[in-house]
Structures are given as C-alpha cells and as structure tokens.
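Here's the structure, in structure tokens; my notes come after.
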Amino acid sequence: MEEYILKVENLNKYFGQNQVLHQVHLSVKPGEICGLIGANGSGKSTLMNILFGSRVIEKTGGYEGEVWYDGEKVQIRSAKDAIARGIGMIHQEFILIPEMTVAENIKLTRENTKKKFNRILKPEISYLDKKKDQEDAGKILEELGFQIDSSYLIKNISVNAKQFVEIAREVDKQDLKLLLLDEPTAVLNEEDARKLMKVLKNLAQKGTAILFCSHRLHEICEICDHVTVLRDGEVVSEYKKEELDMEKLAKDMIGYDICTVKKETRNRKKDKIISFQNFSVHMPGEALHGIDLDVYEGEILGITSFSGHGKLALGYGVMGMFPVEGQAVLQGLPLDIGNVKKTIERGIFLLPDDRKNMGLLLEHSICENMMFSGFYGKHMFQKKAFGILPIRDWKQIRAYAEKQIEKLDIKCESMDQNTGELSGGNQQKVCIARAIAVNPKVLFVMEPTRGVDIGAKEKILDMLVRMNQEQGMTIVAASSELEELKRISDRIAVLCEGKLSRILPPEASEKEFAFAYTGGEKNSEK
C-alpha cells in the first residue's frame, strides 16, 4: 500500500436516492500525474470533494468505500484536515475571499511575520509582514507567467486572474504531497495553459502526486501518466500513457461519437450594428485601452487574447460593470452605458463567464432562471390579472423551460430543481436558454464553454451558430479557446496588452495568430 500516496477502493456516494459514484477506484503514486475525466455530472467533482474533505459530503450522509492516503486508511472530514495532511486543491468554482487582496489569498495561513516582533510574541500572534507577503505573491505569480498587482482585492479582478491566484496559492505551499486540480485551465488560453502544464510537470518531478481533471483532452494526453474515465459515476476505462488517444477518450466519456460544429458560410455583410470608439474599460487585471472596433450586423465576432490582456472587458464595459471611457454606438445612437435596463431594452444582452456569481440565481429553479431576464427586462412570459396587473404566465414559462431542457440536453431532475444543484456545464446551458428567450440584437458571450465537457461544448457551440444563422443574432464571443472561435466566427479580434492587435479571418495561419497575440504585427483589417 505504501507505494501509493492515494488509493481509492469501491467508493460509493449517494445524494438522497441518486447514486453519483458507484464502486469507483483509482490510485496515484508520488510524482505521478493521474488524469480524471468524464462528462459533466459524471461524479468527478464529487470524488474531488471527498478527497478534500468538503463539508457537503458529510452533510449528505458521507460515503461508502475506502480511501488510503500515505499508507493508512483515512476519512478526511474537513479541508483543514486535508491541508494538514499535505493535500491541496484548485477548485473549478474558486475558493477565494473576495474582500481580501490577491497577496492575502495566496499567503493565507502561511503569512510572513515581522521578525523583530517574533522574539517578543509568538508567531501566531505576531505582526504580519504585508510587504513581504506581496513580494512573495508577486514572485509566484511571475513564475506562473501572470502579472497583476497583488494589492488588488479579489472581488475586483477577472475570473482568469482569480484562476491564477488559486493556482499560486497551492503551488506556493512547501509541504504539498497531493494536488487535486478540478478544471484548472478552463478559463486559460492555450499559451497560459502550457505555462501551467510546465508548473505541474515540475511539481511531479519533485515528488508531488497530482490528480488532474480537465475537459481539454490534449492536455490529458500531454501530461498524464495514466487516466481514469468516469461515466455516470462509474469507472468505464483506464489507460496508461502509451494507450492514450483523444478520440477514444472522448467516446468513453460521452458514450457516443462527437459531431464537431463548424460554421460553413462566412458572413460578409458590412452594415455596422455596434461601434466602439476610443473605448477603454478599467477592469482590474483585464483592462482595455482606447480601442476602435466595428461589429457587423449578423456576424459572429470572436475576441481572444492571453489571460489579462482584455478579452473579457468589452462585454462587461458595455453593460457598465466597470468604469469606461470613450463611446459605444448601437445602430447610430450612443449607448447609455451604466443604464443596464435600457441597454437590454435596446437589444444587448450579456452572458458572463462567472455564471455562479453573476449569471444565475442559484437558489431558484431552472424555469425561474430561464424566464428571469425576459420577464423583468422585456415584459415576456406575462399575462394580465384582472386585465390590469402583469403576473407570471406559468403555462408559458414551463412550456419554454421544457423545450429548452430537451433542446440543450440539460441533465436535471425536473425544471423545478434548484439551479445551484446542477453541474457546471448544465448551469451554462441554463444561461444560454435565458439569453435565447430575450432574442437580443447583440449577444456578448464570455467564455461560453468554460468548464463544459466535450459533448456539451459542441451543443453550446451549435446553439450559438443556430442563433446567429436562424435568428440573425449578432454574437460577440470572448474566449480562451482559439480553435473553437475558428470554427464558429466570421472574424477574430486579437488583443494584446489591452489594445487591438489584429483582426483575422478564422482560416488565418497559426503564425499570424501568434504574432497577433504578442502584438508582433499591425492590424490589417479596417
């Protein structure tokens, strides 16, 4: 048993009557990288939560089976217990303290103290050396290839910046024996993901065992020594590194062959629907600096950049979520940025990348989430009580919800289930359904396939293409996934250091995109 740092045997877990893990087994040796893959709802996050002592596991009846760690049979009952044993976790939904700074989150429980006071006071009650904490945090972020002011509050930085803070917090630990990663690259572009892959390989070489969960199968094939595949809570296959094949893994995950979405016809209309003029957005860690950009009616415009270079700021700026300068003009008339209700009424809608905190009402049902924006923003799903008062038309609401659950293949108990109980991919589909309901002229979509399995990803991309082609909806999609943007976009705007670097056709070469990411060439399209 001692040769393994982690060994899981015959693990079962129920939530009520629903069995989410069935006789699961896996093992990891020190210095190994074990891949864990599966579709949304396959049980990956539940397994991770068991290993990291999440309270939700204990509150829902615990689990059956055995977990062996570092040579002994254990029951990890809390995150504190896991951390004390040398287990770290990078969560898909960030575990960060919004009111604390980047540095404070990275150094939490491992803060530097002022040495001159340590001689008088115990270290645990000594004065914190905030300057040293900020220096340490800055160094570890620099090692990860990400630059951000470590004095920024977490609540004011972008989602991709938060991901780097999560990673930095765990990598900074000196006693790390086992690192659990739940979709750590979901918000990162290929270049930033490669930086993380390098960090993980270095950790493994130093003896840290890694359990790596990702929907990006090329990452799994690149760094994993072996892979366990889950489907519907069961282990359906296991592979050694030399056996890894992306198509085989994808079919094992989903249970059927994947049909890849590709937008065949390219829109060439030149009627401007929205124009940005010297537009700046002061979004911490993701700022835009004075860009000029025209979006054409009926196109899908992709926006991409390295993490922290501004790809998410345009949509958030339009909705007035961060201070802006310059002008945005919709069909010849300036937008009243800051007046979100009026912006929605004029036909602009945003799907945020942070779906849990900004995109969904987690304590409300699926059907309530789907109708929310239409009911409150566009007077939809309504009927008149006594011929005067607008009230919810539940018959219409439930018919719409039922249609979208089937169309988007949302896995749920019923439309009355709380949205917070769904997997990340199914939550994203609920967001899409809410946008479809209001049928906007311009839809800004931030990281539409973040944290979504390969099957759900294609369904979401297909839905965006259908909304564009069948409803004539103009879509601005900001994404780290360049290959996805190439498949659905008419043009792709590449940003570098918050400025527009180039606008390229999707068939442009890898070299052209590489130059654009680094600001190596001037923009060639007007």
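Heavy atoms only: backbone and side chains are in, while hydrogens, waters and symmetry mates are out. When a residue number appears, it is its place in the shown sequence, counting from 1.
Of the inter-residue distances, the one linking Ser150 atom OG with Ile106 atom CD1 reads 7.0 Å to the nearest 0.5 angstrom. The distance from atom CG of Asn369 to atom CZ of Arg434, rounded to the nearest 0.5 Å, is 6.0 Å. Atom OG of Ser501 is separated from atom OH of Tyr517 by 10.5 Å, given to the nearest 0.5 angstrom. Atom CG of Leu361 is separated from atom CD of Glu368 by 8.0 Å, given to the nearest 0.5 angstrom. With rounding to the nearest 0.5 Å, the separation of NZ in Lys195 from NZ in Lys198 is 10.5 Å. Between atom CD of residue Glu99 and atom CG of residue Asn105 there is a gap of 11.0 Å, rounded to the nearest 0.5 Å.
At a threshold of 4.5 Å between non-hydrogen side-chain atoms, the residues Met89 and Asp182 count as touching. Side-chain contact between Leu200 and Leu196: present, with at least one pair of heavy atoms (C-beta onward) separated by less than 4.5 Å. Counting heavy atoms from C-beta on, the side chains of Val165 and Ile154 come closer than 4.5 Å. Considering only heavy atoms from C-beta on, Gln417 stays 4.5 Å or farther from Ser365 through its side chain. For the pair Leu21/Ile50, a side-chain contact is recorded, criterion being any heavy-atom separation below 4.5 Å from C-beta on. Residues Ser42 and Arg231 form no side-chain contact, since every pair of their non-hydrogen atoms from C-beta on lies 4.5 Å or further apart. Counting heavy atoms from C-beta on, the side chains of Ile97 and Glu104 never come closer than 4.5 Å. Looking only at side-chain heavy atoms (C-beta outward), Val74 and Arg85 come within less than 4.5 Å of each other.
A distance-only check finds a donor-acceptor pair linking the side chain of Gln174 to the backbone of Asp172 [under 3.5 Å]. Without hydrogens or angle criteria, Asn418 side chain to Glu421 main chain gives no donor-acceptor distance under 3.5 Å. Under the 3.5 Å distance criterion, the side-chain polar atoms of Gln428 are matched with a main-chain donor or acceptor of Pro448. Side-chain atoms of Ser54 never come within 3.5 Å of backbone atoms of Asn49 as a donor-acceptor pair (strictly under, hydrogens ignored). Checked by atom type and distance alone, the side chain of Lys429 never pairs as donor or acceptor with a backbone atom of Lys411 at under 3.5 Å. Although no hydrogens or angles enter the test, the distance criterion places a donor-acceptor pair under 3.5 Å between the side chain of Thr419 and the main chain of His364. Using a distance-only test at 3.5 Å, with no hydrogens or angles considered, no donor-acceptor pair links the side chain of Lys107 to the main chain of Ala137. Side-chain atoms of Glu447 come within 3.5 Å of backbone N or O of Ser480 as a donor-acceptor pair. Of the possible polar contacts, none joining the Asp175 side chain to the Gly86 backbone as a donor-acceptor pair under 3.5 Å is found. The main-chain N or O of Asp81 is found under 3.5 Å from a side-chain atom of Ser78 such that the two form a donor-acceptor pair.
Environment of CD in Glu142: sparse, with no more than 12 heavy atoms of neighbouring residues, nucleotides or ligands closer than 6.0 Å. Atom NZ of Lys499 has 12 or fewer neighbouring heavy atoms from other residues, nucleotides or ligands inside a 6.0 Å radius. Heavy-atom contacts from other residues, nucleotides or ligands closer than 6.0 Å to NZ of Lys173 number more than 12. Shown here is Lys131, whose NZ atom has no more than 12 heavy atoms of other residues, nucleotides or ligands within 6.0 Å. At most 12 heavy atoms of other shown residues, nucleotides or ligands fall within 6.0 angstrom of atom CD in Glu497. Annotation for Lys73: atom NZ does not count as buried by contact number, only 12 or fewer foreign heavy atoms lying within 6.0 Å. Within 6.0 Å of CD in Gln147 there are 12 or fewer heavy atoms belonging to other residues, nucleotides or ligands. Counting heavy-atom neighbours within 6.0 Å of Arg55 CZ, excluding the residue itself, gives a total of 12 or less.
The heavy-atom pair separating Cys224 from Phe212 by the smallest distance is SG-CD2, 4.1 Å. The minimum heavy-atom distance between Leu176 and Thr208, with the atom names listed, is O-OG1, 3.3 Å. Minimum interatomic distance between Glu219 and Thr185 (heavy atoms only, all atoms of both residues): OE1-OG1, 2.8 Å. Here the closest non-hydrogen pair linking Leu141 and Ala168 is CD2-CB, 3.9 Å. Between Leu485 and Ile303, the shortest heavy-atom distance links the atoms CD1-O, 3.7 Å. The two residues Cys412 and Ile366 have their closest heavy-atom pair at CB-CD1, 3.5 Å.
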Please report the C-alpha distance between Val229 and Val235 in whole Å, then the side-chain angles of each, then the deciding distance to 0.1 Å, and finally whether the side chain to side chain contact (heavy atoms under 4.5 Å, CB included) criterion is met.
CA-CA 6 Å; Val229 185; Val235 175; over 6 Å; no
Evaluate the side chain to side chain contact (heavy atoms under 4.5 Å, CB included) criterion for residues His25 and Leu11: first the C-alpha distance (whole Å), next the side-chain angles of each, then the deciding distance (0.1 Å), finally the verdict.
CA-CA 7 Å; His25 60 273; Leu11 203 65; over 6 Å; no
Worked verdict on Glu484 versus Thr449 for side chain to side chain donor-acceptor pair (under 3.5 Å):
CA-CA 9 Å; Glu484 291 177 14; Thr449 61; 2.7 Å; yes
Given side chain to side chain contact (heavy atoms under 4.5 Å, CB included), test Val199 with Val171 step by step and report yes or no.
CA-CA 8 Å; Val199 170; Val171 172; 3.9 Å; yes
May I have the step-by-step check of side chain to side chain donor-acceptor pair (under 3.5 Å) for Thr46 and Tyr63, ending in yes or no?
CA-CA 10 Å; Thr46 299; Tyr63 62 89; over 6 Å; no
Would you sort out whether Asp353 and Tyr316 count as a side chain to side chain donor-acceptor pair (under 3.5 Å), showing the intermediate values?
CA-CA 10 Å; Asp353 61 325; Tyr316 288 132; 2.2 Å; yes
Give the C-alpha distance, both sets of side-chain angles, the deciding distance and a yes or no for side chain to side chain donor-acceptor pair (under 3.5 Å) between Asp292 and Asn278.
CA-CA 5 Å; Asp292 295 303; Asn278 195 28; over 6 Å; no
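A side-chain hydrogen bond (donor to acceptor under 3.5 Å, both in side chains) with His226 is found for exactly one of Glu32, Glu242, Glu238, namely Glu32. When Val102, Ile90, Leu96 are each tested for a side chain to side chain contact (heavy atoms under 4.5 Å, CB included) with Arg169, only one passes: Leu96.
Ion pairing between Glu222 and Arg216 fails under the 4.0 Å rule for side-chain N and carboxylate O.
A centroid separation of less than 6.0 Å is found between the aromatic rings of Phe52 and His91.
Donor-acceptor pairing under 3.5 Å is lacking for the side chains of Lys130 and Thr101. Using a 3.5 Å distance cut-off with no hydrogens or angles, the side chains of Tyr14 and Thr60 do not pair a donor with an acceptor. Side chains of Glu66 and Asn10: no donor on one and acceptor on the other come within 3.5 Å. No hydrogens or angles considered: nothing links the side chains of Tyr4 and Asp70 as a donor-acceptor pair under 3.5 Å.
Using a 30° and 60° split on the angle between ring planes, His309 and Phe306 fall in the perpendicular class, above 60°.
Residues that satisfy the side-chain contact (heavy atoms from CB on, under 4.5 Å) test with Asp232, not counting sequence neighbours, are absent from this structure.
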